[in-house]
Structures are given as structure tokens and as C-alpha cells.
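Here is the structure we will look at.
Hydrogens, waters and symmetry mates are skipped; everything else that's a heavy atom, side chains included, is used.
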Amino acid sequence: MIFTKFKKLVKIHAWDLTAFTDWTEINKSLKEEMSIPCFTGYIIYKDKHQTIITSDYDIDKDGSITVGNRTIIPTKVIKKIEVLYDGTK
């Protein structure tokens, strides 16, 4: 679904891989965890495979929309979506 009205600013928490290049005891490595970074922006597209957000957009006089600073997140790794600002209310 493509979103063309940017009314909700969201923060997305998503599981991400964590990599280490050092040597460590096996028991210590079993206690390490994945990172959960946060991404902030407006959802411009979402389906079961991917969620695309943008932090910047511009609506031209002719109604066309340009976006910048886009992030594509696999939808299956999204842990939580928080609405930071809801312009629909």
C-alpha cells in the first residue's frame, strides 16, 4: 500500500544483526544479543515484505511528491511501531 499523505510520524523498532570481530569465550558469546535500532520517519509504503519510511518530503505546486532520506526495513523484523505525531486527529 502506497501512502501519499504524510500525517503520522512514526518510530520503528526493528531487530537487526549484530556482528563481532573479536575472540571471546563460547559461553560469553551465547549471552550476546541482537541490536534493536530505532528508525524515525513517515511510512510511504508497507506490505508483508518491506516497509519504506522517509524522513523528508516535499509536495510541489503541481501536487507531485519528492522524498529524501529513505530507509527500507524488512517488515518481518519490525518489533514495534510507535506513532510520535498523528496529524489526522
Side-chain angles (χ1 to χ4, degrees):
M1 170 185 288
I2 297 173
F3 300 90
T4 56
K5 295 186 179 180
F6 304 104
K7 301 284 186 182
K8 291 184 181 179
L9 179 64
V10 298
K11 182 195 301 185
I12 296 177
H13 304 258
W15 285 283
D16 199 3
L17 63 89
T18 303
F20 302 96
T21 59
D22 62 330
W23 288 84
T24 190
E25 296 280 329
I26 186 94
N27 291 332
K28 182 180 175 189
S29 68
L30 294 173
K31 295 177 184 176
E32 295 169 333
E33 297 180 2
M34 293 181 291
S35 63
I36 304 173
C38 295
F39 306 92
T40 305
Y42 298 90
I43 296 175
I44 58 173
Y45 180 81
K46 184 177 180 185
D47 65 18
K48 66 180 184 176
H49 301 292
Q50 64 183 358
T51 300
I52 303 173
I53 63 171
T54 185
S55 62
D56 305 306
Y57 70 92
D58 182 48
I59 301 174
D60 296 325
K61 291 178 183 176
D62 65 359
S64 63
I65 300 171
T66 55
V67 294
N69 296 315
R70 296 162 317 280
T71 303
I72 300 172
I73 306 163
T75 301
K76 289 183 178 183
V77 302
I78 293 175
K79 181 178 180 184
K80 176 170 73 169
I81 298 177
E82 291 179 63
V83 177
L84 300 176
Y85 172 77
D86 188 347
T88 63
K89 294 181 179 182

Check the pair D16 / V77 against side-chain contact (heavy atoms from CB on, under 4.5 Å), numbers first and verdict last.
CA-CA 8 Å; D16 199 3; V77 302; over 6 Å; no
Return the minimal non-hydrogen interatomic distance between P37 and A14, and the atom names on each side.
CD-O, 3.0 Å
With sequence neighbours excluded, give me every ring-ring contact (aromatic ring centres under 6.0 Å, His included) pair touching residues 52-89.
F6-Y57, Y42-Y57
Closest heavy-atom pair, T75 versus K48, reported as atoms and distance to 0.1 Å, is CB-O, 3.6 Å
Quick check: does any side chain N or O of S35 sit under 3.5 Å from a backbone N or O of T18, one acting as donor and the other as acceptor?
no
Interatomic distance, I53 atom CD1 to T71 atom OG1 [nearest 0.5 angstrom]
4.5 Å
CD1 (I81) and NZ (K11) are apart, to the nearest 0.5 Å, by 13.0 Å
For D56, the side-chain contact (heavy atoms from CB on, under 4.5 Å) test, sequence neighbours excluded, returns N69
D62-S64 side chain donor-acceptor pair, cut-off 3.5 Å
yes
Nearest-0.5 Å distance that lies between atom NZ in K80 and atom NE2 in H13:
4.5 Å
Rounding to 0.5 Å, atoms CD1 (I44) and OG1 (T51) come to a distance of 11.0 Å
Nearest 0.5 Å, what's the CG-OG1 distance between L84 and T40?
6.0 Å
Atom CD of E32: over 12 foreign heavy atoms under 6.0 Å:
yes
Set of side-chain contact (heavy atoms from CB on, under 4.5 Å) partners for Q50, sequence neighbours left out:
Y45, D47, I52, I72
To the nearest 0.5 Å, what is the distance between NZ on K8 and CG on D86?
4.5 Å
For D58, which of V67, T66, I65 qualifies under side chain to side chain contact (heavy atoms under 4.5 Å, CB included)?
T66
Quick check: is W15 connected to L30 through a chain of hydrophobic side chains (ILVMFWY, heavy atoms under 4.5 Å apart)?
no
Under 3.5 Å, side chain of T54 to main-chain N/O of G68, donor-acceptor pair present?
yes
